[in-house]
Asker: 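Dumping the structure here so I can ask a few things about it.
Just so you know, these numbers come straight off a predicted model, no measurement behind them. Every chain is numbered from 1, with letters handed out A, B, ... down the list of sequences. Computation of the quantities below employed the complete heavy-atom set of this structure, encompassing side-chain atoms and omitting hydrogens, waters and symmetry-equivalent molecules.
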Protein chains: 2
Amino acid sequence: MSRHFFIAPAASASTRWADAFPGARVLASAVQVPALQQADTVWLSSAVPDWQPRLARLAAGPAAPPVVVLALQPSQHEALLALDGGARGYCHALSAPALLREVAVVVHHGGLWIGPELMGRVLGAFRRAAPAPAAAPDLDLLSPREQEVARAVASGHSNKEIARLLGITERTVKAHLGTAFEKLGVRDRLQLALRIGG
Amino acid sequence: MSRHFFIAPAASASTRWADAFPGARVLASAVQVPALQQADTVWLSSAVPDWQPRLARLAAGPAAPPVVVLALQPSQHEALLALDGGARGYCHALSAPALLREVAVVVHHGGLWIGPELMGRVLGAFRRAAPAPAAAPDLDLLSPREQEVARAVASGHSNKEIARLLGITERTVKAHLGTAFEKLGVRDRLQLALRIGG
DNA sequence: TCCGGCCTTGTCCATCGGTCCAATTTTCTC
DNA sequence: GAGAAAATTGGACCGATGGACAAGGCCGGA
């Protein structure tokens, strides 16, 4: 039995939600229900005046339920506010029941639901905040072949796998690793992976 | 009948995917298969050298299948590249089969799957302590003692050192590691370190 | 009280990983 | 061309690692 809670102003068009999720509970915006913490999904209308602090309270805590913000007039600005506030989804309040059920499945399984047009904007915003990391200087200490082997090790491969990947003998892999250990001052493959991977 | 395609280098750990999706097809990185356009989900390893142009080709078109990029060493930078390239998900290549199935459900229903670390960035840095609930946080799968051992391994310590550190027998360290490997679905200490981070 | 998970340790054994001895070939620089 | 560095492989040795099989004590929930 799935537990869905809708939080919306009194006169809202909650019939869509009732169609999509039979047995769901529709709450007046003023109500404070502790049971919300055990909900499968909380649908919060942005028509509720204090939806942002409500969202913050709902999304806090280790076992917080996924919250989807519903908007009668969706905007990218509001969508960013919702996602930044901890919402797991943002979609039109008048979406078809079938779509709402899709959204429920997604957020219930740990996914994030945002409109396709919003995705581009979100990615653009965060690419600016996450520049490409500089090349690790550690790797420059190694010869080209040693770098290949070292990267393969840092990817979790065994000597046998690396040998097959590079088309060389396992013995040769060991040789490259040995010199790589010495150059980087580590004692085994794990420490090497931590050096060039972290 | 779900159709899953995995594209990965020859010697990759594709057994995980086979566990998660019986009947799925594992493709060598060099193969070009038109049937990919009809796939339910395409899993693309970022260990494939030309994964970005491949992703672009896969994600293009009106009826493109959802593409999930798998990374042995997930980074926010690479995640952004993947999502910006049209990927619908980005997660660790060594994720447990159960988690991979969750990802499949999400993307198949139109959702977006991003790792807990990237989610934290999206949702704001100050609330990073309380990330998404469904984001199975690797370490939480382990018992307290197993976590201690796992963290020590991820710090580059040997079994003997860990035994001395924790005041237990080396045999016990092996026991904890064995169960940790099983719970996280990795095969050795290096992959465990890569999973939980250095 | 019984069951299950957790922590602990034991033995045995196959495999892996790292190091020592050594060698040949290629490639680049002086 | 001489020399140096890199890349390659061989063999052997031995410690580290991980799995298989077994078992005892502790503790909390059904």
Asker: Check whether any side-chain heavy atom of B:Pro65 sits under 4.5 Å from a side-chain heavy atom of B:Thr41, and report yes or no.
Answerer: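 Side chain of B:Pro65 against side chain of B:Thr41, heavy atoms only: no contact under 4.5 Å found.
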Asker: State, with a plain yes or no, whether a side-chain heavy atom of B:Val67 is found less than 4.5 Å away from one of B:Arg88.
Answerer: no
Asker: Which nucleotide sits closest to the side chain of B:Phe181: D:dA6, D:dT17, D:dG18?
Answerer: D:dG18
Asker: Nearest to the side chain of B:Ser143, heavy atoms from C-beta on, is which of C:dT8, C:dC6, D:dA16?
Answerer: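 Shortest atom-to-atom distance from the side chain points to C:dC6.
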Asker: Identify the heavy atoms of B:Val153 and A:Leu190 that sit nearest to each other, and give their distance.
Answerer: O-CD1, 3.5 Å
Asker: Taking 4.0 Å as the cut-off, does a side-chain nitrogen or oxygen of B:Arg189 come that near to OP1 or OP2 on D:dG18?
Answerer: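 Affirmative; the distance criterion is met.
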Asker: Look at all strands and tell whether B:Thr179 reaches a base, only sugar-phosphate, or nothing, counting heavy atoms closer than 4.0 Å.
Answerer: nothing
Asker: For a quick test of reading the model, state the closest non-hydrogen atom pair linking A:Leu184 to A:Arg195 and the distance between them.
Answerer: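 For A:Leu184 and A:Arg195, the tightest heavy-atom pair comes out as O-NH1, 2.8 Å.
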Asker: Rounded to whole Å, please give me the gap between CD in B:Glu146 and P in D:dG18.
Answerer: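 Between P of D:dG18 and CD of B:Glu146: 15 Å.
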Asker: Quick one: B:Arg171 CZ to D:dA22 C1', roughly how many Å, whole number?
Answerer: 10 Å
Asker: Describe the nucleic acid contact of A:Thr172 in one word from base, sugar-phosphate, nothing, applying a heavy-atom distance below 4.0 Å.
Answerer: base
Asker: In whole Å, I'd like the distance from the CG atom of A:Leu141 to the P atom of D:dA6.
Answerer: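 Going from CG in A:Leu141 over to P in D:dA6 covers 11 Å.
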Asker: What's the CD-C1' distance between B:Glu148 and C:dC6, to the nearest Å?
Answerer: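 The distance from CD of B:Glu148 to C1' of C:dC6 comes to 13 Å, rounded to the nearest Å.
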Asker: At 4.0 Å (heavy atoms only), tell me whether B:Arg145 reaches a base, stays on the sugar-phosphate, or touches nothing.
Answerer: sugar-phosphate
Asker: State, yes or no, whether a side-chain contact exists between A:Leu70 and A:Tyr90 at a heavy-atom distance under 4.5 Å.
Answerer: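 No; the side chains remain at least 4.5 Å from each other.
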Asker: Measure the distance from CG on B:Leu177 to C1' on C:dT9 and round it to the nearest whole Å.
Answerer: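 Nearest whole value for this atom pair: 15 Å.
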Asker: Within less than 4.0 Å of OP1 or OP2 of C:dT9, is there a side-chain N or O belonging to B:Thr169?
Answerer: yes
Asker: Starting from P on D:dA16, measure out to CG on B:Leu192 and report it in whole angstrom.
Answerer: 20 Å
Asker: Between P on C:dC12 and NZ on B:Lys174, what's the gap in Å once rounded to a whole number?
Answerer: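 Rounding to the nearest Å, NZ of B:Lys174 and P of C:dC12 are 13 Å apart.
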Asker: Quick check on C:dG17: is either OP1 or OP2 less than 4.0 Å from any side-chain nitrogen or oxygen of A:Asn159?
Answerer: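 Checking C:dG17 against A:Asn159, a side-chain N or O does come within under 4.0 Å of OP1 or OP2.
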Asker: Which whole-number value in Å describes the distance from A:His157 NE2 to C:dG17 P?
Answerer: 13 Å
